[in-house]
Every structure is written in structure tokens, then in C-alpha cells.
There are 2 protein chains.
Amino acid sequence: MRISEAASVSGLSVDTIRFYEKSGLLPPIGRGLDGNRKFSAENVDWLVLMSSLRETGMPLEKMRHFAELYRSGNRTISERKQVLLDHAEHLETKRAALDHCASLLERKLGLYAEIEEVPA
Amino acid sequence: MRISEAASVSGLSVDTIRFYEKSGLLPPIGRGLDGNRKFSAENVDWLVLMSSLRETGMPLEKMRHFAELYRSGNRTISERKQVLLDHAEHLETKRAALDHCASLLERKLGLYAEIEEVPA
DNA sequence: TACTCGCCTGGAGTGGCTCCAGATCAAGCG
DNA sequence: CGCTTGATCTGGAGCCACTCCAGGCGAGTA
């Protein structure tokens, strides 16, 4: 799969994928005879995961650590599991922030409605 | 209220508050005789809103626009309302991303469990 | 008086992209 | 066969949203 396809499947931009590769967040990506990157199914799956972790706020440093664990094989599985569990917990925090903001917006919109009903 | 208190109430850092002021995201903040910022209740309320909008992904540019509307008085209320409604919709998108990530993590964790049950 | 504490300002540094110039190569066309 | 188009490549500059730091000021305390 070409980089543009990998980009549209993962939701990352082409530039971001190249940047992630430079930053050590990806497993080695093969190259075709033309020198262009060729993404395997496994590569794309990994990109999708990275995209989702990043989109939900995991810093690159943590992702890099997770990628290193991945490269080190199956003996790191319990540690990787812990990283994902930690992130799952982080998602809860994020959800709470969304809920909080939603209710704040509702209150503000309510106030605006009042002001409009009783114009100066 | 001093800046450190405003920071702990709003959840923004002291530096970020100063940065927001420079960036035109805040209404004029008064100063005491000592030259230090003094935050009114309304100021703090605004900081809380800015904090929540920013935390849920609104870019500074949009926040600046909203702040300008706020400074322009009540005749901008319908436009401000629209900004908040748009953002409320944006929250839904964010929520979907969290859900998506959560189910992805669940699947990955399931796979790890399988691998651990049947070690090499 | 000396020390600490919180605040001030301007500016440098950081994380995470995003954009750009200039080069290469394969495919399609007249 | 040469020419154009389009996708990719690399290295590096630029940008957004902070974050940190040096150097300085004024109020309160020992």
C-alpha cells in the first residue's frame, strides 16, 4: 500500500506518517524498487492504532515507548497491556472534560436565551 | 483575585493566563496599585469558559473571535450562540473518537490476553 | 536590613505537526 | 521518443500553543 492510501485509511496526513517514521514511532517500513514506502497490512494496523492514541491525547514520548516495546517482541506484552490500560483510564478523564464542557455550554446557551427574550 | 488563584480555579497555568491576555482572548483585566492583575468574578468565569473550550479542542483563533464578539456587547449574542452550538457539535465528534479508541483498546487487550494464554 | 515570596516582563525553548522547494521516477500522450 | 503530469522522496523552515527562564520590583517577616 502506498503512503497516500495508508494516510487515508489511518486518518493521519502523509507528512505526519513520515514524521512518525523519523521519530521512531513506526516499525521498519519496507521500500519498493522505486524507493517509495510500502505499507504492509500490519504496518497500516499499527498506523491506525497510533492515530487513535494520538487523537485521544497520548504524547509522542509515550507512543515511542510503546513502539519500542512492540519492537522488542512478545516478552513485553504485559507492559504494553499496562500502557493501554492506563490510556483507557485517560479516556475516561477526557470524557469527563467533554461532559463538563457540554454542560457549561448548555448553561451559557440558556443565559443567552434569557437575554434575547428580554432585550435591552 | 490574584493570578495564582485564578489559575487554580480555572485550571489554566499562570503562564497560560498571561499568554491568553497577550493574545487578546481575555476582557481587560484590572491592575492593583502594585501593578498586579486583579481578576473579577466575571473575569474568572470567562477564564473557566476559555479553559473548557480550549481543553476540548477549540483553536485560539476561534476563541479570539468569540472574545471579540463578547467585547462587542449584546448585539453579538446570536453569533456567539452559533459559535457555542458549533462547538457543542464538535464535542460529539470528539466523543465518537474516544469511543472508537476505547473499543480499539479493548480489541487489542483481548488479543494480548490470547497471546498470554498460549505462550510461545 | 536582609530574606523570601509572588508577581511582573520579554524572550528563548519545546512538542507536534504542516508546508515548501527541489529532485526523482513511472505512466500516459502526441 | 520526448514531454507533461502526478506521486513520491528529502531536508529544512514555519507555525501553534504553550512552557520555562532570567532579571527585576514591591510587600511582608525575622
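Bear in mind that the values here come from a model prediction, so they are computed numbers and not experimental data. Sequence lines set the chain letters: A, B, ... in the order given, protein chains first and strands last, and positions in each chain run from 1.
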In whole angstrom, give the distance that lies between atom [atom1] of [X] and atom [atom2] of [N].
X: A:Leu33; N: C:dA26; atom1: CG; atom2: P; value: 9 Å
X: A:Leu25; N: C:dG15; atom1: CG; atom2: P; value: 13 Å
X: A:Ile3; N: C:dT18; atom1: CD1; atom2: P; value: 14 Å
X: A:Glu21; N: D:dT8; atom1: CD; atom2: P; value: 14 Å
X: A:Lys62; N: C:dG15; atom1: NZ; atom2: C1'; value: 16 Å
X: A:Ile17; N: C:dT18; atom1: CD1; atom2: P; value: 12 Å
X: A:Lys22; N: C:dG15; atom1: NZ; atom2: C1'; value: 15 Å

Sorted by chain and number, sequence neighbours left out, side-chain hydrogen bond (donor to acceptor under 3.5 Å, both in side chains) with A:Ser103 holds for none
Assess the residue pair B:Arg95 and A:Arg95 against the criterion (side-chain contact (heavy atoms from CB on, under 4.5 Å)); give the C-alpha distance rounded to whole Å, side-chain angles, the decisive distance to 0.1 Å, and a yes or no. CA-CA 7 Å; B:Arg95 190 185 309 278; A:Arg95 188 184 307 277; 3.9 Å; yes
Nucleotide by nucleotide, 5' to 3', does protein get under 4.0 Å of the base (B), only the sugar-phosphate (S), or neither (-) in nucleotides 15-21 of chain D, counting heavy atoms? --SBSB-
If you define the side chain from C-beta out and look only at heavy atoms, does anything of [X] sit under 4.5 Å from [Y]?
X: B:Phe39; Y: B:Glu5; answer: no
X: A:Leu105; Y: B:Leu85; answer: no
X: A:Met50; Y: A:Met58; answer: no
X: A:Ile17; Y: A:Leu26; answer: yes
X: A:Tyr112; Y: A:Glu114; answer: no
X: A:Leu69; Y: A:His65; answer: yes

Do any side-chain nitrogens or oxygens of A:Arg31 fall under 4.0 Å of OP1 or OP2 in D:dT10? yes
If only side-chain N and O atoms of A:Arg2 are considered, is one of them under 4.0 Å from the OP1 or OP2 phosphate oxygen of D:dT8? yes
Considering only NZ, NE, NH1 and NH2 on the basic side and carboxylate oxygens on the acidic side, decide whether B:Lys62 and B:Asp86 come within less than 4.0 Å. no
Residues forming a side chain to side chain contact (heavy atoms under 4.5 Å, CB included) with B:Lys108, sequence neighbours excluded: A:Asp45, A:Leu49, A:Leu84, B:Leu104
Residues which pass salt bridge (Lys or Arg N to Asp or Glu O under 4.0 Å) with B:Glu61, listed by chain and number, not counting sequence neighbours: B:Arg64
A:Ser4 near the nucleic acid: base, sugar-phosphate alone, or nothing, with a heavy-atom cut-off under 4.0 Å? sugar-phosphate
If you take any heavy atom closer than 4.0 Å to DNA chain D, which residues from residues 36-51 of chain B end up in contact? none
Can you check nucleotides 23-28 of chain D for protein contacts, nitrogen or oxygen pairs under 3.5 Å, and list what you find?
none

